[in-house]
2 protein chains.
Amino acid sequence: MSRLDRSLIAGLPVFQGMTPADLDRVLQQARSLRIAKDQTVFEQEGDAHSFFLLLDGHVRVVKTTPDGQQVIVRYISPGELMGIAHALGRTTYPASAVAAVDCVVLAWPGNLWPDLAGSFPSFATGTYKTVGTRLQEAQARVVELATEQVEQRVAHALLRLVKQTGRKTEEGILIDFPISRQDIAEMTGTTLHTVSRLLTAWEEKGLVKSGRQKVTVVEPHRLFALAEGRADKG
Amino acid sequence: MSRLDRSLIAGLPVFQGMTPADLDRVLQQARSLRIAKDQTVFEQEGDAHSFFLLLDGHVRVVKTTPDGQQVIVRYISPGELMGIAHALGRTTYPASAVAAVDCVVLAWPGNLWPDLAGSFPSFATGTYKTVGTRLQEAQARVVELATEQVEQRVAHALLRLVKQTGRKTEEGILIDFPISRQDIAEMTGTTLHTVSRLLTAWEEKGLVKSGRQKVTVVEPHRLFALAEGRADKG
DNA sequence: GCTGCGGTTTGCGCTGGATCAAAGTGTCCC
DNA sequence: GGGACACTTTGATCCAGCGCAAACCGCAGC
């Protein structure tokens, strides 16, 4: 296996405050993996053998209900940790992770966690901060689902994606990986039909442009107004 | 202030593995507070000055939307931590906590967290385990809200309460604090009207008994079947 | 006991979105 | 170039659950 260069991870929030030597030691324990599009990184209910850092690509974290319905919990962007069940004392993954595009990830054996967290307190703190953010996000989504109408929820979901993975183009801000109506529906608890109708309505109003597995937000501020429930003139 | 006895907290999951001397040292840093019914323990967005352990009573954790709608995030039972924003590197509380009945809590200054976590690793681990559980719960609720009908969601909510705070009576399992239709509605993203209709329907089928701010689950297994979406005969 | 208040029940009409169905369209692959 | 497949659009229908309104009830305080 080729040696991993510390420049891969230096500068990431989770590794802040670590010396180059520390980074090398951490990297020595990791394996680098290539995950093809639509392959799973880890499986819901599966034994939590590893935890991961996404280096490149985009990963969908999905929960499946007993009757087969899927809900997209979040998207992971490069530089983020995933599968960190071990850090929270769990032994199975609570969800599945599927590559939305071809990905590169680093994987550490899960049982290494206590060791790493002990040796590198700033790594531990960084991880817990991530967890805190995700807990808060999850609770925010509970509030959203409990109080908002579908239109607002879809608007919020798009804005979140724009913020997380938006890439500026001349048309507006493009969500930087293939995403279908179905995916958006699974993020917001609605159906692909309703999402499709919303997007065409928004497109007519000039808020977004969208195509096959592709969404570009043209006027984020107006979409935001919509998400907040403020009526949109035009 | 009266000295706090370690028997108050010995045996709680979060303090597992600590010596009596350790417990005393931790307790020395805490203040004990009495919170009257409907008083708030901490406020959403407020500066996270402390973290808390509920000794006695029941606390409602509530998020309020900009337009004033409330969502009940969870109920805290005796022995549980709350307001642990500090442990996750946050500086404000993401929600409010309101006493559902008269309560007794222990409060530690928030800035003591790194100190305590450093000195008592098992306390830190215990806390993170709690956080892990809550994250998972929150995600489970996202899935619930995204995929289930109101009837199933309300059934799930009641079952969760029963498990958490149920007290056996001759009629069935009573939820051990005053809870209104409105409260249940705010836990499940519906209206008190719908909750009321559901409860009367269930009462007719003999699944539950309920009254003013009071719910008793008579047949948990049948309610569970309902929550899972399996039709109920009779 | 009566009165007031907060909580609960119930009826009714309406509508946001789900469901079902079918036809369009972009893209990859042979 | 021509399928074929996956994704998307659009129409038509239906109903779960919301909003509104009004009555009802249990409990605390006077």
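Below, chains carry the letters A, B, ... as their sequence lines are ordered, and counting in each starts from 1. In what follows, every heavy atom counts, from backbone to side chain, and hydrogens, waters and symmetry copies are set aside.
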| request: Check B:His49, B:His86, B:Glu45 against B:Tyr93 for a side chain to side chain contact (heavy atoms under 4.5 Å, CB included) and give me the one that passes. | output: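 Only match with B:Tyr93 under side chain to side chain contact (heavy atoms under 4.5 Å, CB included): B:His49.
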| message | Which residue is it: B:Glu151, B:Arg141, B:Met187, B:Glu148? I am looking for the one with a side chain to side chain contact (heavy atoms under 4.5 Å, CB included) to B:His156. | response | B:Glu148
Rounded interatomic separation in angstrom, taking [atom1] from [X] and [atom2] from [N]:
{"X": "A:Gln213", "N": "C:dC28", "atom1": "CD", "atom2": "P", "answer": "10 Å"}
{"X": "A:Leu192", "N": "D:dT9", "atom1": "CG", "atom2": "C1'", "answer": "10 Å"}
{"X": "B:Leu199", "N": "C:dT10", "atom1": "CG", "atom2": "C1'", "answer": "14 Å"}
{"X": "A:Glu203", "N": "D:dT8", "atom1": "CD", "atom2": "P", "answer": "12 Å"}
{"X": "A:Leu198", "N": "D:dT8", "atom1": "CG", "atom2": "C1'", "answer": "14 Å"}

| task | Could you go through the side chain to side chain contact (heavy atoms under 4.5 Å, CB included) check for A:Val215 and A:Leu158 one step at a time? | result | CA-CA 9 Å; A:Val215 179; A:Leu158 287 188; 4.2 Å; yes
| query | Step by step, would you call B:Ser77 with B:Gln164 a side-chain hydrogen bond (donor to acceptor under 3.5 Å, both in side chains)? | reply | CA-CA 7 Å; B:Ser77 300; B:Gln164 202 189 338; 3.0 Å; yes
| message | Under the criterion salt bridge (Lys or Arg N to Asp or Glu O under 4.0 Å), I'd like the reasoning laid out for A:Arg74 against A:Glu137: C-alpha separation, chi angles, the key distance, then a yes or no. | response | CA-CA 9 Å; A:Arg74 72 189 325 268; A:Glu137 276 174 15; 2.8 Å; yes
| task | For each nucleotide in nucleotides 14-27 of chain D, reading 5' to 3', give B when a protein heavy atom comes within less than 4.0 Å of its base, S when such contact involves only the sugar-phosphate, and - otherwise. | result | --SSSBBB----BS
| field | Stretch residues 171-185 of chain B: residues that reach within less than 4.0 Å of DNA chain C through a heavy atom | value | B:Ser180, B:Arg181
| So what does A:Ser196 touch, heavy atoms closer than 4.0 Å: a base, only the sugar-phosphate, or nothing? | base
| Stepwise, does the side chain to side chain contact (heavy atoms under 4.5 Å, CB included) test hold for B:Arg197 with B:Leu192? | CA-CA 9 Å; B:Arg197 281 180 241 267; B:Leu192 79 164; over 6 Å; no
| What residue pairs, at least two apart or across chains, pass side chain to side chain donor-acceptor pair (under 3.5 Å) with a residue in residues 184-194 of chain A? | A:Gln182-A:Glu186, A:Thr191-A:Thr194
| request: Compare every heavy atom of B:Val162 with every heavy atom of B:Ile175, then report the nearest pair and how far apart it is. | output: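 Of all heavy-atom pairs spanning B:Ile175 and B:Val162, the closest is CG1-CG2, 4.3 Å.
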